[in-house]
Amino acid sequence: MAAVENGCESSERLMITTSLVNDGSSPIALTGESVKVCQNRSYTYVTNSGKQDYSWTVVGGTITEGGTSTDDFVTITWTELTNTGLNVSYVDDSTCSPNKMMFLAVEVTTCGMVLGEEFCLKVFNEFSPNNDGFNDFFTVQCIEDYSNTVEIYNRNGNLVYKIADYRNTWDGTANVKSVLNNGDHLPSGTYYYSIQIPELERNLVGWLQLAR
């Protein structure tokens, strides 16, 4: 580098050494299902942990868990089919660029059509498998009249139960190894069903409440 005085550049040169310092900043991450998620089903999204002042904004859905200024996660039930997504921001005081923000667009689909009672199919979406002899099983009226496949998912979208030709015998026990082992009793909470009925070429989808 040369000094300049009265428009004239000095013949002497001054060497300046520069160095780049990594401020330890890591890019913001946001993980969770974003492609062909099911309308009226809940999904959980997680960002970097250990930060400050989390701010969650959801478009086209409802927050059912998390999503506060201290939560690094949010659980969302997607209610709309278009212009859906979520935004998260937080403060990371350990870096030179403390303010972080990320938007995730989410593609929501209907996951099949709900059948009406004109097919004699009616879902009783609350049951209490406590062996008291009353309402111990998940019941679908007239399900025995159709060839079917029933799938049950937890609120995070994990498959916990699946059976072909369901006969109103599910007592809240898992038969798919995922978050629980085969044969484990599922905890109380909200779950989601998908009932495929090939001869009608439609699906029956919705929520159910398991209460022990």
Side-chain angles (χ1 to χ4, degrees), residues 31-47 49 56 58 61-68 70-79 106 108-115 117 119-198 200 202-212:
T31 59
E33 294 290 334
S34 61
V35 179
K36 294 184 178 180
V37 303
C38 295
Q39 186 182 31
N40 296 321
R41 187 177 296 171
S42 292
Y43 296 83
T44 297
Y45 301 85
V46 181
T47 189
S49 62
W56 298 89
V58 176
T62 301
I63 296 176
T64 58
E65 189 174 351
T68 73
T70 59
D71 290 321
D72 61 2
F73 76 97
V74 65
T75 299
I76 301 168
T77 298
W78 296 106
T79 56
V106 177
V108 181
T109 182
T110 58
C111 295
M113 298 178 63
V114 176
L115 299 174
E117 293 185 33
F119 296 97
C120 187
L121 287 164
K122 181 179 180 180
V123 176
F124 296 88
N125 56 0
E126 295 184 6
F127 73 115
S128 54
N130 54 11
N131 296 317
D132 64 354
F134 176 75
N135 200 28
D136 285 329
F137 303 100
F138 172 56
T139 301
V140 183
Q141 178 180 293
C142 293
I143 192 65
E144 299 94 340
D145 296 342
Y146 301 95
S147 174
N148 65 82
T149 300
V150 172
E151 296 175 346
I152 307 294
Y153 297 84
N154 65 13
R155 64 188 307 165
N156 294 325
N158 303 118
L159 181 67
V160 295
Y161 180 81
K162 182 175 181 178
I163 191 171
D165 292 325
Y166 182 63
R167 294 296 181 264
N168 293 328
T169 56
W170 184 51
D171 62 355
T173 301
N175 73 350
V176 176
K177 187 175 181 180
S178 55
V179 292
L180 294 175
N181 293 319
N182 186 1
D184 286 350
H185 294 291
L186 295 169
S188 297
T190 302
Y191 295 82
Y192 300 88
Y193 60 81
S194 173
I195 304 173
Q196 296 92 45
I197 305 175
L200 299 178
R202 294 183 181 177
N203 293 347
L204 184 66
V205 296
W207 63 272
L208 63 92
Q209 187 70 31
L210 189 160
R212 292 194 180 278

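Pro129 and Ala211 get closest at one heavy-atom pair: CD-O, 3.6 Å. Of all heavy-atom pairs spanning Val176 and Leu159, the tightest one is CG1-O, 3.7 Å. For the residue pair Ser49 and Asp72, the shortest heavy atom distance occurs at CB-OD2, 3.1 Å. Taking each heavy atom of Gly172 and Leu210 in turn, the nearest pair found is CA-CD1, 3.7 Å. Across Val74 and Gly67, no two heavy atoms sit closer than the pair CG2-CA, 3.9 Å. The two residues Asn168 and Phe137 make their nearest non-hydrogen contact at O-CB, 3.6 Å.
With hydrogens and angles disregarded, no donor-acceptor distance shorter than 3.5 Å links the side chain of Trp170 to the backbone of Ile152. With hydrogens and angles ignored, the 3.5 Å screen pairs a side-chain donor or acceptor of Arg212 with a backbone N or O of Leu186. With Asn175 contributing its side chain and Lys162 its backbone, the two residues share a donor-acceptor pair below 3.5 Å. Between the side chain of Tyr153 and the main chain of Asn156, no donor-acceptor pair closer than 3.5 Å is present. Panel note: side chain Tyr45, backbone Glu33; a donor-acceptor pair is recorded below 3.5 Å.
Expressed to the nearest 0.5 Å, how far OH of Tyr191 lies from CD of Gln209 amounts to 9.0 Å. In this structure, OG1 on Thr190 lies 9.0 Å from CD on Glu126, to the nearest 0.5 angstrom. Remark: Phe73 CZ to Thr44 OG1 distance equals 7.0 Å, nearest 0.5 Å. Considering CG of Leu208 and CZ of Phe124, their distance stands at 13.5 Å, rounded to 0.5 Å. Atom CG of Leu121 and atom CD1 of Ile195 lie 7.5 Å apart (nearest 0.5 Å). One distance of note links CG of Leu204 with NZ of Lys122; it measures 12.5 Å at 0.5 Å rounding.
Between Phe138 and Phe127, the ring-plane angle classifies as tilted under the 30° and 60° cut-offs.
If you check the side chains of Tyr192 and Ser42, you find a donor sitting under 3.5 Å from an acceptor.
Within a 6.0 Å sphere centred on CD of Gln196, other residues, nucleotides and ligands contribute more than 12 heavy atoms.
In this structure Asn148 satisfies the side-chain hydrogen bond (donor to acceptor under 3.5 Å, both in side chains) test with no other residue, sequence neighbours excluded.
The stretch residues 130-146 participates, sequence neighbours left out, in no salt bridge (Lys or Arg N to Asp or Glu O under 4.0 Å) pair at all.
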- Message: The test is side chain to side chain contact (heavy atoms under 4.5 Å, CB included); show your working for Tyr166 and Glu151 and say whether it passes.
- Response: CA-CA 10 Å; Tyr166 182 63; Glu151 296 175 346; over 6 Å; no
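Side-chain contact check for Asp184 versus Thr173: every heavy-atom pair is 4.5 Å or farther apart.
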